[in-house]
A.B. asks: 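Dumping the structure here so I can ask a few things about it.
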Amino acid sequence: MKTNKQNADFLHIGKKLVKWYDRNARPLPWRENRHPYNIWISEIVLQQTQVKQGLGHYLRFIERFPDVQALHSAHEDEVLLYWKGLGYYSRAINLHRAAHQIAEEFSGNFPDNYKDILQLKGIGKYTAAAIASICFEEKTPAVDGNFYRVLSRIFADNFDISDSKAFQYFSDLAILMMPEDQPGEFNQAVMDIGSEICKPKNPLCGECPVNDDCIAFRTGSISQFPVKTKKTKVSDLSLTYFFVKNKNQFLIKQRDSDFIWKKLYEFPMSVPEKWKDYIINSKQITHKLTHKNLLIEINTIEIESEKEFLNFAKDQNYIIVDEKLADEKSFPKPLENYYKTISAPKLGLLPF
DNA sequence: AATGCGGGGGG
DNA sequence: CCCCCAGCATT
């Protein structure tokens, strides 16, 4: 162990965290039992997503897809629909693909150990460890951003969390802290401490069960941890859409490009040159993502000729949506918001 | 090892 | 307005 904290009683601190968790665990729906399917869905939803934001999506997802079989039988589009608004849509696509893997490679039974769980699409080391520890009592540390933050503060550890070796480094540290018989409780304790108490900004150190063990707290240097050197960069992107209407119908298509909004639905990005004379409205929308600043232009076009409209839709494989029959559709948020402002009662028509 | 993927919250 | 948060797959 490459650490200068030889004197720290790692296991003692780990047991304190578990003891705190036993009394203070948040009453979350996926904690009502330890079914690996529910834990799996919750972990995927909660990747890059806060509980407050993901809870509603989790509940609706579980209600519609209560088990592997239900997810396996579903159409990918419908899985995407239930993911609408959560972002990182490849998570939903991989969830669906993993359900097929479980059905075909694991005879419909959720794999019951870290190594097998890791084989599933969309499951990496963190998620595999979380499921293996919570559901199968395997002593695998679920090292994520919370882990980095909590551990680096407790030990005032300068290890750079943007270093590719950080995962192994903090995994080794965590192993020393994990009570042999309660790995799942330990991992969940760190998750809860990290999100509720040891927050990135303005942590509630007064409520922390291990504040007397926390070197950063005792030395007043909480704000210096974790150490992270690399920054994310942002680029600009312009998108032009054509909202093409003929009477009560308009056109959409599922995105084939996956650099953003993977497999969601959008308006045409190009139309016949002469249609541009029929533009009756043009609106600019700005939308900010983590890695992109989007400048979206939406041109509304009224087409008189139904024949011309239908031919274009057929040639370019567009889905024709009737505003009157519309109910729900997986649009990217900026387009959905735009559409709501123009008219129609509801969005899209499900192709399934 | 580096890059890209959403969306929400806070100052 | 700008800043923060950060697993997994792909290359």
Side-chain angles (χ1 to χ4, degrees), chain A residues 39-58 80 82-98 101 117-132 140-153 160-168 170-171 187 190-191 194-204 222-237 239 255 257-264 266 285-294 296 330-337:
Chain A
I39 299 297
W40 172 42
I41 303 301
S42 75
E43 287 298 336
I44 301 298
V45 167
L46 293 179
Q47 282 170 13
Q48 271 60 19
T49 307
Q50 297 186 346
V51 169
K52 194 168 80 177
Q53 184 195 351
L55 187 58
H57 278 87
Y58 169 83
L80 250 348
Y82 279 78
W83 209 262
K84 182 172 71 166
L86 263 184
Y88 287 121
Y89 298 95
S90 57
R91 288 186 292 173
I93 297 165
N94 284 329
L95 223 34
H96 190 227
R97 292 166 62 189
Q101 282 181 283
I117 296 170
L118 194 53
Q119 302 306 311
L120 299 176
K121 300 289 184 189
I123 292 189
K125 288 181 285 188
Y126 163 76
T127 308
I131 299 172
T140 47
V143 178
D144 68 347
N146 285 329
F147 239 94
Y148 289 154
R149 190 171 58 254
V150 173
L151 266 57
S152 70
R153 283 173 175 170
D160 182 0
I161 63 168
S162 42
D163 187 315
S164 61
K165 295 182 180 67
F167 182 87
Q168 191 58 52
F170 284 100
S171 295
N187 283 334
V190 178
M191 292 175 200
S195 60
E196 301 291 290
I197 295 176
C198 197
K199 299 186 292 185
K201 300 283 179 188
N202 307 319
L204 309 175
I222 281 285
S223 65
Q224 296 171 35
F225 300 97
V227 173
K228 183 179 170 185
T229 57
K230 293 183 183 168
K231 311 285 182 190
T232 49
K233 47 189 172 183
V234 175
S235 58
D236 296 326
L237 179 68
L239 298 170
R255 287 183 60 80
S257 167
D258 68 357
F259 73 90
I260 192 175
W261 298 329
K262 187 176 289 187
K263 296 200 179 182
L264 263 52
E266 63 183 357
I285 299 172
T286 59
H287 190 76
K288 197 178 171 312
L289 303 179
T290 306
H291 306 271
K292 295 247 189 314
N293 291 315
L294 305 182
I296 304 169
S330 332
F331 274 94
K333 227 170 186 61
L335 302 190
E336 175 180 328
N337 291 340

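For clarity, every value in this text was computed on a predicted model and none was experimentally measured. Letters A, B, ... are given to chains in the order of the sequence lines, protein chains preceding strands, and every chain is numbered from 1.
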A.B. asks: Base, sugar-phosphate, or nothing for Q48(A), non-hydrogen atoms under 4.0 angstrom?
C.D. replies: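 Touches a base.
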
A.B. asks: Would you say dG6(B) has OP1 or OP2 under 4.0 Å from some side-chain N or O of R91(A)?
C.D. replies: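 Looking at the OP1 and OP2 atoms of dG6(B), neither is under 4.0 Å from any side-chain N or O of R91(A).
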
A.B. asks: With a 4.0 Å cut-off on heavy atoms, is N146(A) in touch with a base, just the backbone sugar-phosphate, or nothing at all?
C.D. replies: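 Touches sugar-phosphate only.
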
A.B. asks: Any chance you could measure I260(A), atom CD1, to Y89(A), atom OH, to the nearest 0.5 Å?
C.D. replies: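 The distance works out to 9.5 Å.
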
A.B. asks: Ignoring the backbone of K201(A), work out which of dC4(C), dG6(B), dC5(C) is nearest its side chain.
C.D. replies: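 Minimum distance to the K201(A) side chain belongs to dC4(C).
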
A.B. asks: Can you check whether R149(A) reaches P200(A) side chain to side chain, under 4.5 Å on heavy atoms?
C.D. replies: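 The answer is yes; the side chains approach within 4.5 Å.
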
A.B. asks: Which atom pairs, one a donor and one an acceptor, fall under 3.5 Å between side chains of residues 119-130 of chain A and the rest of the protein, sequence neighbours left out?
C.D. replies:
from    : atom 1 : to      : atom 2 : distance (Å)
Q119(A) : NE2    : K115(A) : O      : 3.2
Y126(A) : OH     : E43(A)  : OE1    : 2.8
T127(A) : OG1    : Q47(A)  : NE2    : 2.8

A.B. asks: What closest approach, in Å, do I222(A) and P203(A) show between heavy atoms, and which atom pair accounts for it?
C.D. replies: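 Of all heavy-atom pairs spanning I222(A) and P203(A), the closest is CG2-CG, 3.6 Å.
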
A.B. asks: Side chains of I161(A) and F170(A), heavy atoms from C-beta outward: is any pair under 4.5 Å?
C.D. replies: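 I161(A) vs F170(A): side chains touch.
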
A.B. asks: Nearest whole angstrom, please: distance from the C1' of dG8(B) to the NZ of K84(A).
C.D. replies: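 After rounding, the gap between these two atoms is 18 Å.
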
A.B. asks: Measure OH/Y88(A) against C1'/dC5(C) and give the value in whole Å, please.
C.D. replies: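 Distance check: Y88(A) OH to dC5(C) C1' gives 9 Å.
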
A.B. asks: Apply the test side-chain contact (heavy atoms from CB on, under 4.5 Å) to residues R91(A) and L86(A): give CA-CA distance (whole Å), side-chain angles for both, the deciding distance (0.1 Å), then the verdict.
C.D. replies: CA-CA 10 Å; R91(A) 288 186 292 173; L86(A) 263 184; 4.0 Å; yes

A.B. asks: Rounded to whole angstrom units, what separation is found between the CE atom of M191(A) and the C1' atom of dC5(C)?
C.D. replies: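 Spelled out: CE on M191(A) to C1' on dC5(C) is 17 Å.
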
A.B. asks: Given atom NZ of K263(A) and atom P of dG6(B), what is their separation to the nearest angstrom?
C.D. replies: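 Between P of dG6(B) and NZ of K263(A): 13 Å.
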
A.B. asks: Considering heavy-atom distances to DNA chain B, does N202(A) or L86(A) have its closest nucleotide positioned more toward the 5' end?
C.D. replies: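 Looking at the nearest nucleotide for each, L86(A) comes out on the 5' side.
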
A.B. asks: Expressed as a whole number of angstroms, how long is the span from Q53(A):CD to dG10(B):P?
C.D. replies: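 So the CD-P distance, Q53(A) to dG10(B), works out to 12 Å.
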
A.B. asks: Please give the stem ranges for DNA chain B, sorted by first residue number, where a stem is three or more consecutive Watson-Crick or G-U pairs and both donor-acceptor distances are under 3.5 Å.
C.D. replies: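 Listed by first number, the stems are B:1-5 with C:7-11, B:7-11 with C:1-5.
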
A.B. asks: Could you tell me which non-hydrogen atom of G87(A) sits nearest to which non-hydrogen atom of W83(A), and how far apart they are?
C.D. replies: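 For G87(A) and W83(A), the tightest heavy-atom pair comes out as O-NE1, 3.1 Å.
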
A.B. asks: Students often get this wrong, so: under 4.0 angstrom with heavy atoms, is S90(A) touching a base, only sugar-phosphate, or nothing?
C.D. replies: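 Answer is nothing: S90(A) stays at 4.0 Å or more from every strand.
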
A.B. asks: Name the residue closer to the 5' end of DNA chain B, choosing between T49(A) and K52(A) according to the nucleotide with the nearest heavy atom.
C.D. replies: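 Nearest nucleotide further toward 5': that of T49(A).
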
A.B. asks: When you compare the side chain of N187(A) with that of F147(A), does any pair of heavy atoms fall below 4.5 Å?
C.D. replies: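 Yes - at least one pair of side-chain heavy atoms lies under 4.5 Å apart.
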
A.B. asks: Which part of the nucleic acid, if any, lies within reach of Y148(A) when heavy atoms closer than 4.0 Å are counted: base, sugar-phosphate only, or nothing?
C.D. replies: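 No contact.
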
A.B. asks: Considering only heavy atoms from C-beta outward, does the side chain of Y88(A) approach that of T49(A) to under 4.5 Å?
C.D. replies: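 No, side chains not in contact.
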
A.B. asks: In whole Å, what separates the C1' atom of dA9(C) from that of dG8(B)?
C.D. replies: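 About 23 Å, rounded to a whole number of Å.
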
A.B. asks: In whole Å, measure the gap between the P atoms of dT11(C) and dG6(B) for me.
C.D. replies: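 Per the computed distance, 16 Å lies between those P atoms.
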
A.B. asks: Could you state the atom-to-atom distance from NZ of K228(A) to C1' of dC5(C) in whole Å?
C.D. replies: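 Distance, rounded to whole Å: 7 Å.
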
A.B. asks: Whole angstroms only, please: what is the CG-P distance between L335(A) and dG7(B)?
C.D. replies: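 Atom CG in L335(A) sits about 10 Å away from atom P in dG7(B).
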
A.B. asks: Grab the NZ-C1' distance between K199(A) and dG11(B) for me, whole Å please.
C.D. replies: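 Whole-Å distance recorded here is 13 Å.
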
A.B. asks: Which one, dA1(B), dG9(B), dG6(B), comes nearest to the side chain of W261(A)?
C.D. replies: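 It is dG6(B).
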
A.B. asks: Minimum heavy-atom separation for R153(A) and C198(A), please, with both atom names.
C.D. replies: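 In this case the closest contact between R153(A) and C198(A) is NH1-SG, 3.3 Å.
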
A.B. asks: Please list each protein N or O that sits under 3.5 Å from an N or O in nucleotides 8-10 of chain C, with the distance.
C.D. replies:
from   : atom 1 : to      : atom 2 : distance (Å)
dC8(C) : OP1    : G124(A) : N      : 2.9
dC8(C) : OP1    : T127(A) : N      : 3.1
dC8(C) : OP1    : T127(A) : OG1    : 2.3
dC8(C) : OP2    : K125(A) : N      : 3.3
dC8(C) : OP2    : Y126(A) : N      : 3.1
dC8(C) : O5'    : G124(A) : N      : 3.4
dA9(C) : OP1    : G122(A) : N      : 2.4
dA9(C) : OP1    : I123(A) : N      : 3.3

A.B. asks: What's the closest nucleotide to the side chain of S164(A) if the choices are dA1(B), dG11(B), dG6(B)?
C.D. replies: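 Nearest to the side chain of S164(A) among the choices is dA1(B).
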
